[in-house]
Amino acid sequence: MGSGLLLRGAAALCARGLRAAAAGRLCPLLPRPLSTGGSWCLRAAPGPPGRGEPPRSVGRGKGAAHSEEEDLEELLAPGPPLGAERLLVVHPAVKWGVKKPQLTTAELQVAEAVALINTLHNWTVLDKIILSTKTPDKKFIFGKGNFQILTEKIKGLPHITAVFLNIERLSPLTKKELEDAWGVTVFDRYTVVLHIFRCNARTKEAKLQIALAEIPLLRTNLKNEMSHLDQQRGGSRYIMGSGETFMEMQYRLLKEKEFKIRNALEKLRRKRSVLRTQRERREFPVISVMGYTNCGKTTLIKALTGDEGLQPQDQLFATLDITAHAGYLPSHLAVIYVDTIGFLSELPHDLIESFSATLEDVAYSDLIVHVRDISHPETVLQKASVLSVLKNLNLPSHLLDSVVEVHNKVDLIEWYQSPETNAIAVSALLGYGLEELKEEIERIVLKTTGKRILTIKVNLAGPQLSWLYKEATVQEVDVMPENGTANVKVIISNSVAYNSRGLDFMTQVVTSSPMNLEFY
Ligand SMILES: Nc1nc2c(ncn2[C@@H]2O[C@H](COP(=O)(O)OP(=O)(O)OP(=O)(O)O)[C@@H](O)[C@H]2O)c(=O)[nH]1
Ligand SMILES: [Mg+2]
């Protein structure tokens with residue numbers, strides 16, 4: 001399926017849309033699959049409005065026929081399934097100068113590009129090529145000679161349907177010119193990652209975030225389509241009775257769509273903040289598990305919590321939704337592990353932005369566990385990418401200073417010796433090193449949450465034991481029947497221990513038998 005066909009298809013749809021618009025039959029913007037260049041158009045509404053009626057617009061005002069829920073459904077309606085693609089992966093390699101990437105090689109970057117493509121069903125890499133460039137950010141990316149070589153190569157591969165140019169973002173103009181020159185669709189990292197996100201999103205929130213990330217792409221596509229229509233004098237034509245041109249209307253509809261998505265996300269965010277408060281009240285420490293995509297975050301949480309519902313996959317961006325899972329630390333302290341979306345180097349900024357709302361929650365956690373796939377040849381680069389994203393999330397400094405670094409997949413390396421003394425080596429898959437990791441998590445969680453483990457001598461005839469059961473986490477009760485007391489081991493937060501009731505009680509204990517109050 002060449003781009004020529006796809007572009008013609010898009011143009012035909014636009015023309016149909018234009019005719020429908022001109023006839024006053026308007027309807028919400030319809031997402032089209034990104035493989036068609038992410039083109040958006042109008043579609044005809046079921047049944048024409050009465051004569052002289054203003055055009056219907058998308059859920060505007062109270063009189064809109066659509067309910068809010070229907071609007072949302074429409075925003076999130078999946079596009080047609082992605083078609084199969086056979087790709088040539090082209091990696092522009094900067095071999096010298098300041099733009100030369102550190103900590104990686106062109107071969108490793110190609111391997112990651114291939115892994116991204118392999119994540120998508122029905123997408124296959126037929127061939128790959130590394131070509132050097134001095135100016136990856138210039139219009140044609142390559143110099144004249146290499147561009148010629150590439151064009152010849154593409155001509156010699158009649159079975160390919162697309163080229164994946166492994167750069168962050170192609171300008172719409174460059175994309176179009178390359179597609180015209182090569183006769184196939186051209187993808188950049190932004191579109192490929194967006195495809196993967198769309199395929200893997202499960203929850204409403206993830207879908208909305210992806211829809212939001214798509215908006216800039218749609219806006220630039222619209223711009224291109226409009227300039228094309230303008231050449232045919234279609235874009236600037238006024239739509240009957242509406243007072244706006246076709247182009248203005250398209251932009252307005254896109255703006256309204258963005259507004260609705262942001263609104264819906266804000267609602268979900270508010271809901272989450274209620275959950276957050278509830279979580280705080282119950283005082284479960286929250287541990288955010290973060291790291292590069294495919295490093296083993298989900299596998300680690302599964303191993304730490306025994307949550308069988310978790311499904312780790314050998315796939316990039318398997319997890320797109322933030323999910324919480326309960327687990328216990330060695331002293332039986334209940335904690336919540338939060339699984340997060342993985343990071344990718346050169347992940348386009350718009351995509352990170354759209355996910356920042358979910359990642360905001362990380363700021364409210366008590367600890368960040370940074371998981372690294374230590375067997376990966378680019379593990380050092382991956383660490384640098386993760387740390388740079390973490391830095392940009394505006395997290396409180398106490399969180400950034402106490403990050404626990406986990407070196408995962410040590411089973412894949414013989415006699416692994418960590419070069420970083422503070423890191424904890426584990427195999428989430430085989431269960432190595434988990435006890436040590438839990439102990440380290442506990443040590444920091446107790447410190448950062450202001451909790452203590454105490455053994456307190458209590459009088460069984462008094463109310464203290466039931467008070468402790470209510471306000472703290474009771475670990476052990478060692479009853480001494482001879483004097484009607486018990487040594488009770490508890491995890492208690494300072495705030496509870498030293499609030500007015502707790503203070504009385506603790507003072508009572510301390511004053512009656514100070515030697516039995518042990519701090520760990
Ligand atoms: N050999 C080995 N493989 C592991 C280990 N931990 C995870 N894996 C594998 O690595 C792959 C990715 O694991 P996930 O847990 O899905 O990784 P993730 O970080 O959650 O990935 P995303 O959600 O896609 O960002 C899976 O095939 C796991 O089986 C490990 O300790 N050893
Ligand atoms: Mg995962």
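Every value quoted in this text rests on a predicted model; they were computed, and no experiment measured them. Counting starts at 1 for both ligands and their atoms, in listed order.
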Novice: Looking at K260 and E256, is any side-chain nitrogen of the basic one under 4.0 Å from a carboxylate oxygen of the acidic one?
Specialist: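 Here E256 does not pair with K260 in a salt bridge, since their nearest N and O are not under 4.0 Å apart.
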
Novice: If you measure every N or O of Q313 against every N or O of ligand 1, does any of those distances drop under 3.5 Å?
Specialist: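 Yes: some nitrogen or oxygen of Q313 is under 3.5 Å from one in ligand 1.
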
Novice: What part of T319 sits under 4.0 Å from ligand 1 if we count only heavy atoms: the side chain, the backbone, both or neither?
Specialist: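 Both backbone and side chain.
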
Novice: Decide whether R372 and N408 meet the rule of one side-chain donor and one side-chain acceptor closer than 3.5 Å.
Specialist: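 Looking only at side-chain atoms, N408 and R372 do not form any donor-acceptor pair under 3.5 Å.
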
Novice: Does the pair K297/D339 count as a salt bridge with the N-to-O cut at 4.0 Å?
Specialist: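 Judged by the 4.0 Å cut-off on N to carboxylate O distance, K297 and D339 do not form a salt bridge.
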
Novice: Please write down residue, atom name and distance for the protein heavy atom closest to atom 13 (O) of ligand 1.
Specialist: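 For atom 13 (O) of ligand 1, the nearest protein heavy atom is T299 OG1, 3.4 Å.
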
Novice: So, the side chain of T293 versus the backbone of F317: is there a donor-acceptor pair under 3.5 Å, distance only?
Specialist: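 Yes.
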
Novice: Counting N and O atoms only, with roles assigned by atom type, does the side chain of T133 sit under 3.5 Å from a partner on the main chain of I141, one being a donor and the other an acceptor?
Specialist: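 Between the backbone of I141 and the side chain of T133 there is a qualifying donor-acceptor contact (under 3.5 Å).
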
Novice: Just to confirm my output: which protein heavy-atom neighbour is closest to atom 4 (C) of ligand 1, and how far is it?
Specialist: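 Of the protein heavy atoms, K409 CE, 3.7 Å lies nearest.
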
Novice: Where is the nearest protein heavy atom to atom 17 (O) of ligand 1: which residue, which atom, and how far?
Specialist: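 Protein heavy atom with the smallest distance to atom 17 (O) of ligand 1: G296 N, 3.1 Å.
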
Novice: Check E107 with K128, please: is the shortest side-chain N to carboxylate O separation under 4.0 Å?
Specialist: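 Looking at K128 and E107, the cut-off is not met.
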
Novice: Which part of N408 is near ligand 1, with near meaning a heavy atom under 4.0 Å away: side chain, backbone, both or neither?
Specialist: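 The side chain, only.
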
Novice: Suppose we measure from atom 19 (O) of ligand 1 to each protein heavy atom; which comes out shortest, and what is that distance?
Specialist: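 Minimum-distance protein heavy atom for atom 19 (O) of ligand 1 reads K297 NZ, 2.7 Å.
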
Novice: Salt bridge or not for E435 and K438, using N-O below 4.0 Å?
Specialist: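 Yes, this pair counts.
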
Novice: For atom 12 (C) of ligand 1, what's the nearest protein heavy-atom neighbour? Residue, atom name and distance, please.
Specialist: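 Looking at atom 12 (C) of ligand 1, the protein heavy atom closest to it is N294 OD1, 3.0 Å.
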
Novice: Measure the distance from atom 27 (O) of ligand 1 to every protein heavy atom, then report the residue, atom name and distance (to 0.1 Å) of the closest one.
Specialist: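 That would be D314 CB, 3.2 Å.
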
Novice: Any salt bridge between E420 and K383, counting N to O under 4.0 Å?
Specialist: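 Yes.
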
Novice: Below 2.8 Å, any N, O or S contact between T298 and the Mg ion (ligand 2)?
Specialist: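 Given the 2.8 Å cut-off, T298 counts as a ligand of the Mg ion (ligand 2).
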
Novice: Angle between ring planes, F187 versus W123, binned at 30° and 60°: parallel, tilted or perpendicular?
Specialist: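 Aromatic pair F187/W123 classed tilted.
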
Novice: May I ask you to check whether F317 has an N/O atom sitting below 3.5 Å from an N/O atom of ligand 1?
Specialist: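 Between F317 and ligand 1, an N or O pair is found under 3.5 Å apart.
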
Novice: Could you check V410 against V426 for side chain to side chain contact (heavy atoms under 4.5 Å, CB included), going step by step and ending with a plain yes or no?
Specialist: CA-CA 6 Å; V410 289; V426 308; 5.6 Å; no

Novice: Within the stated cut-off of 2.8 Å, is an N/O/S atom of T319 closer than that to the Mg ion (ligand 2)?
Specialist: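 Checking T319: at least one N, O or S atom is under 2.8 Å.
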
Novice: Does ligand 1 have a heavy atom under 4.0 Å from the side chain of D411, from its backbone, from both, or from neither?
Specialist: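 Near ligand 1, D411 shows its side chain, while the N, CA, C and O stay back.
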
Novice: Is the shortest N/O to N/O distance between L429 and ligand 1 below 3.5 Å?
Specialist: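 Yes - when backbone and side-chain N and O of L429 are compared with those of ligand 1, one distance drops under 3.5 Å.
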
Novice: Short list, please: which atoms of ligand 1 are under 4.0 Å from a heavy atom of G342?
Specialist: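 Ligand 1 atoms under the 4.0 Å threshold to G342: 25 (O).
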
Novice: Specify side chain, backbone, both or neither for L316, according to which of its non-hydrogen atoms lie closer than 4.0 Å to ligand 1.
Specialist: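 The answer is the backbone.
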
Novice: In ligand 1, which numbered atoms sit nearer than 4.0 Å to a non-hydrogen atom of T298?
Specialist: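 In order of numbering, the contacting atoms are 15 (O), 20 (O).
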
Novice: Tell me whether K176 is salt-bridged to E179, with the criterion being a basic N under 4.0 Å from an acidic carboxylate O.
Specialist: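 E179 and K176: not salt-bridged.
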
Novice: Does at least one non-hydrogen atom of C295 fall below 4.0 angstrom from an atom of ligand 1?
Specialist: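 It does, in that a heavy atom of C295 comes within the 4.0 Å cut-off of ligand 1.
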
Novice: Judged on heavy-atom distance to atom 31 (O) of ligand 1, which of G291, G433, A318, A428 sits nearest?
Specialist: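 Among G291, G433, A318, A428, the closest heavy atom to atom 31 (O) of ligand 1 comes from A428.
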
